[in-house]
Amino acid sequence: DALRVDVVIGEQEPVRIKLRHKWRGSSIYNPTHAIERAAKFDKGDHFDIGVGAHTHVSGLVRMFNNGTKTGLAVQCGTYKRHDNFAEEVGFEQPNAMTAVPVVIHGRHRYTTFSTLDDALDYMNLYWRTENDRTSN
C-alpha cells in the first residue's frame with residue numbers, strides 16, 4: 001500500500017508525495033532505484049517526491065529526472081543502532097542519518113539536508129530573512 005499526499009503552498013500547484021514502506025525493484029548499487037523506477041514506469045500514479053524505508057541503510061535524498069521535471073527520491077535511514085538482521089544478510093553499516101530533511105519551496109523546488117540541525121538552521125535563517133523582507 002502507498003500513501004499519497006498533496007502539499008499546497010500558496011497559489012502554486014500541489015506537490016504530490018508518495019510514501020511506501022517498501023518499493024519494488026530495489027538495486028544493490030542505488031538505494032533509491034525502486035522509487036525512481038516507480039516514477040518512470042507507474043505513469044498513472046505520478047508523484048514529485050517518493051519516500052521509502054525498510055532497507056536497513058543510511059538516509060539519502062537523491063534528485064532524478066522525473067519526466068522533464070526534477071523529482072526527489074527520499075530513502076529514510078535505519079533507526080536501529082545494532083541490527084543483527086542487517087549483519088546476517090550483509091547490509092552496509094549505516095551512518096547516523098535516519099530522518100532526511102527536505103524543505104519544499106514549491107513544485108520542483110526543494111532544498112535537502114544531511115542533518116536535522118542543518119535544516120533547522122536553514123529554516124530559522126529563511127524565516128528571519130522573510131520576516132525582514134516583509135516588515136520593510
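None of these values were measured; they are calculated from a predicted model. Numbers for residues simply follow the sequence, beginning at 1.
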**Message:** For a 4.5 angstrom cut-off between non-hydrogen side-chain atoms, does Gln75 reach Arg62?
**Reply:** no

**Fill in**
Note: His33 and Ser27 closest approach over all heavy atoms is CB-CB, 3.7 Å

**Message:** To check you understand the geometry: which heavy-atom pair defines the closest contact between Ile104 and Ile17, and what is its length?
**Reply:** CD1-CD1, 4.1 Å

**Request:** Using a strict 4.0 Å threshold on nitrogen-to-oxygen distance, state whether Asp6 and Arg16 make a salt bridge.
**Result:** yes

**Asked** Should Leu72 and Thr112 be marked as a side-chain contact (heavy atoms from CB on, under 4.5 Å) after you check the CA-CA gap, both sets of side-chain angles, and the distance that decides it?
**Response** CA-CA 10 Å; Leu72 280 186; Thr112 64; 4.1 Å; yes

**Item:** Non-hydrogen atoms of Pro101 and Ala119 that approach each other most closely
**Value:** CB-CB, 3.5 Å

**Donor-acceptor pair, side chain of Thr115 and main chain of Asp118, under 3.5 angstrom** = yes

**Message:** Could you measure the distance from the NZ atom of Lys69 to the CZ atom of Arg109? Nearest 0.5 Å is fine.
**Reply:** 13.5 Å

**Message:** For Leu120, is there any backbone N or O sitting under 3.5 Å from a side-chain donor or acceptor partner on Asp117?
**Reply:** no

**Message:** I need the Met123 CE to Leu116 CG distance, nearest 0.5 Å.
**Reply:** 11.0 Å

**Request:** Please determine which of Arg4, Lys40, Arg20 meets the salt bridge (charged side-chain N to carboxylate O under 4.0 Å, His left out) test together with Asp45.
**Result:** Arg4

**Message:** Checking Asp48 against Tyr110 for the side-chain contact (heavy atoms from CB on, under 4.5 Å) test, could you report, in this order, the C-alpha distance in whole Å, the side-chain angles of both residues, the deciding distance, and whether it holds?
**Reply:** CA-CA 11 Å; Asp48 302 302; Tyr110 320 109; 3.5 Å; yes

**Message:** Testing the basics here: between Thr32 and Ala73, what is the closest heavy-atom pair and its distance to 0.1 Å?
**Reply:** CB-CB, 3.5 Å

**Prompt:** Which heavy atom of Val51 sits nearest a heavy atom of Cys76, and at what distance?
**Reply:** CG1-SG, 3.9 Å

**Message:** Quick one, Tyr126 with His105, criterion ring pair (Phe, Tyr, Trp, His ring centres under 6.0 Å). Give me CA distance, side-chain angles, the key distance, then yes/no.
**Reply:** CA-CA 11 Å; Tyr126 185 82; His105 298 282; 5.6 Å; yes

**Item:** Test of ring centre spacing under 6.0 Å for Phe47 and Trp23
**Value:** yes

**Request:** Heavy atoms only: give me the nearest Lys18-Ala2 pair and the separation to one decimal.
**Result:** CE-CB, 3.7 Å

**Request:** Apply side-chain contact (heavy atoms from CB on, under 4.5 Å) to Thr70 and Phe64, showing your working.
**Result:** CA-CA 6 Å; Thr70 300; Phe64 67 96; over 6 Å; no

**Request:** Indicate if Leu3 and Val15 have the same hydrophobic cluster label, given that clusters are the connected sets of ILVMFWY residues with side-chain heavy-atom separations under 4.5 angstrom.
**Result:** yes

**Message:** Counting C-beta onward and ignoring hydrogens, is there a side-chain heavy-atom pair between Val103 and Phe113 closer than 4.5 Å?
**Reply:** yes

**Complete:** Interatomic distance, CG@Asn66 vs CD1@Ile35, rounded to 0.5 Å, equals 11.5 Å

**Request:** Please step through side-chain contact (heavy atoms from CB on, under 4.5 Å) for the pair Thr111 and Tyr122, ending with a clear verdict.
**Result:** CA-CA 9 Å; Thr111 304; Tyr122 174 84; 3.8 Å; yes

